[in-house]
Amino acid sequence: MALKVEKYQVTSVDRAEVLRYMGYSGQPMTDELDARIDGVVERCLGIAQPMASWDVFDVAGREPLEDGRPAVQLAGTSLQLIGESMEKHMTGAVAAAVMAVTAGMGVERELRRLSLTDPVEQVIFDAAGTTAVERAADACEASIVGWARERGLYTNFRFSPGYGDMPLETQPVLLATVDAQRRLGITLSKSLLMTPTKSVTAIIGLFEEPQLSSHASCKDCLCSDFCRIRATGRPCWA
């Protein structure tokens, strides 16, 4: 299929998730800090410009590497999905969606400014940025789920380089596969860290049969706010 580039409106995030990324575990909180968190989250959402670039590729083969590690090859790309974790994730898959998502350089610039001017606010803003890009990733995943369902296919959940034994070294080829530097402005450091730091890459498997995943029902589905297919009366998991 043709590469898709999408922009998303992320107007709210789960406050509990922001607190979790801040390391909050029930400590007493002043009214001032409570209000400050809400203000910083609102500012972060106002600055963020969530975007994604994604594409879908057929599975071309499942030949192991010379060192014996499992690998899934994707048609028309140099991308190999390496590792036992990815082999399990892609078991039975006929295709894979490759996605890159970012909250944008505005968030990155504000994080750098706060690191020099307000360390407390930086911690809050950092957590808000992480939560915002994960919501953008939910939106991208919803697009992929909808695209798959229109073609009679089902999806599992997104799986990112660095999880399990999927090597972080996958990042350069993955980003190139969806033209993420040109389309989203995502670059990599020598240690394979992405800039903007509030960016996410992932693989989603596409299958001919329903899968056990976060899309097993509409209730509590992370993609529900962005779902494009519920209005059809037939959910993605049925």
Side-chain angles (χ1 to χ4, degrees), residues 1-6 52-102 133-134 136-184 186-189 191-194 199-216 221-223 229 236-237:
M1 64 165 284
L3 185 70
K4 286 189 175 290
V5 178
E6 298 178 334
S53 180
W54 63 273
D55 207 339
V56 176
F57 304 93
D58 291 338
V59 171
R62 300 176 184 273
E63 296 297 323
L65 304 182
E66 291 184 0
D67 61 12
R69 286 182 296 168
V72 178
Q73 293 80 36
L74 301 183
T77 81
S78 300
L79 181 60
Q80 295 192 91
L81 310 179
I82 299 169
E84 293 181 4
S85 297
M86 186 50 61
E87 180 183 46
K88 181 179 179 181
H89 188 65
M90 293 293 293
T91 298
V94 296
V98 181
M99 57 184 278
V101 186
T102 185
V133 76
E134 288 294 338
D138 292 337
C140 181
E141 187 170 340
S143 292
I144 292 166
V145 171
W147 184 94
R149 195 68 194 93
E150 288 171 359
R151 289 155 179 81
L153 298 173
Y154 303 87
T155 63
N156 57 9
F157 51 92
R158 60 183 186 262
F159 197 106
S160 296
Y163 288 3
D165 64 346
M166 186 183 186
L168 196 58
E169 288 75 15
T170 305
Q171 291 283 43
V173 180
L174 190 158
L175 289 169
T177 299
V178 291
D179 199 15
Q181 180 170 351
R182 186 166 67 90
R183 296 179 180 270
L184 305 179
I186 299 176
T187 60
L188 282 176
S189 69
S191 56
L192 301 178
L193 298 179
M194 289 185 285
S199 299
V200 171
T201 60
I203 302 293
I204 297 174
L206 276 67
F207 305 81
E208 294 178 338
E209 300 294 334
Q211 301 295 301
L212 292 175
S213 75
S214 58
H215 310 298
C221 176
L222 294 173
C223 298
I229 60 175
C236 67
W237 41 269

Side chain to side chain donor-acceptor pair (under 3.5 Å) contacts touching residues 59-68 (sequence neighbours left out) = Asp67-Arg69
Measure the CG-CD distance between Leu184 and Glu6 for me, rounded to the nearest 0.5 Å.
-> 11.0 Å
Verify, without hydrogens or angle tests, whether Ser53 (side chain) and Ala180 (backbone) share a donor-acceptor contact under 3.5 angstrom.
-> no
Atom pair CG (Asp55) and CG (Leu79), whose distance is rounded to the nearest 0.5 Å | 11.5 Å
Could you give all pairs that pass the side chain to side chain donor-acceptor pair (under 3.5 Å) test and reach residues 87-100, with sequence neighbours left out?
-> His89-Asn156
Verdict with reasoning, Val178 to Met99, per side chain to side chain contact (heavy atoms under 4.5 Å, CB included) = CA-CA 7 Å; Val178 291; Met99 57 184 278; over 6 Å; no
Those residues at least two apart in sequence (or on a different chain) that pass side chain to side chain contact (heavy atoms under 4.5 Å, CB included) with Ala176 are none
Pair Ser143-Lys4, side chain to side chain contact (heavy atoms under 4.5 Å, CB included): steps then yes or no | CA-CA 10 Å; Ser143 292; Lys4 286 189 175 290; over 6 Å; no
Begin with the C-alpha distance, continue with both residues' side-chain angles, and end with the deciding distance and a verdict on side chain to side chain contact (heavy atoms under 4.5 Å, CB included) for Arg158 and Asp138.
-> CA-CA 9 Å; Arg158 60 183 186 262; Asp138 292 337; 2.9 Å; yes
Kindly give the heavy-atom pair with the smallest separation between Gln211 and Glu209, and that separation in Å.
-> NE2-O, 2.9 Å
Could you note down all residue pairs passing salt bridge (Lys or Arg N to Asp or Glu O under 4.0 Å) where residues 171-182 supplies at least one of them, sequence neighbours left out?
-> Asp179-Arg182, Asp179-Arg183
Looking only at heavy atoms, which two atoms of Trp54 and Cys140 are closest? And how far apart?
-> CD1-SG, 3.7 Å
Indicate the ring-plane relationship of Phe159 and Tyr163, choosing parallel, tilted or perpendicular according to the 30° and 60° boundaries.
-> perpendicular
Ring pair (Phe, Tyr, Trp, His ring centres under 6.0 Å) against Phe207, all qualifying residues, sequence neighbours excluded | none
May I have the step-by-step check of side chain to side chain contact (heavy atoms under 4.5 Å, CB included) for Ile203 and Met166, ending in yes or no?
-> CA-CA 11 Å; Ile203 302 293; Met166 186 183 186; 4.0 Å; yes
Check side-chain hydrogen bond (donor to acceptor under 3.5 Å, both in side chains) between Ser199 and all other residues, then give those that pass, not counting sequence neighbours.
-> Thr102
What is the distance from atom OG1 of Thr177 to atom CZ of Phe57, rounded to the nearest 0.5 Å?
-> 6.0 Å
For residues 168-175, tabulate all N or O donor-acceptor pairs below 3.5 Å that involve a side-chain atom, not counting sequence neighbours.
residue, atom, partner, partner atom, Å
Thr170, OG1, Pro167, O, 2.8
Gln171, OE1, Thr201, OG1, 2.7
Gln171, NE2, Thr201, OG1, 3.4

Which residue, Leu74, Val56, Thr77, Leu81, forms the side-chain contact (heavy atoms from CB on, under 4.5 Å) with Val98?
-> Leu74
With sequence neighbours left out, the residues meeting side-chain hydrogen bond (donor to acceptor under 3.5 Å, both in side chains) with Thr187 are none
For Ala71, check side chain to side chain contact (heavy atoms under 4.5 Å, CB included) against everything at least two apart and list the hits.
-> Leu65, Gln73, Gln80, Ile82
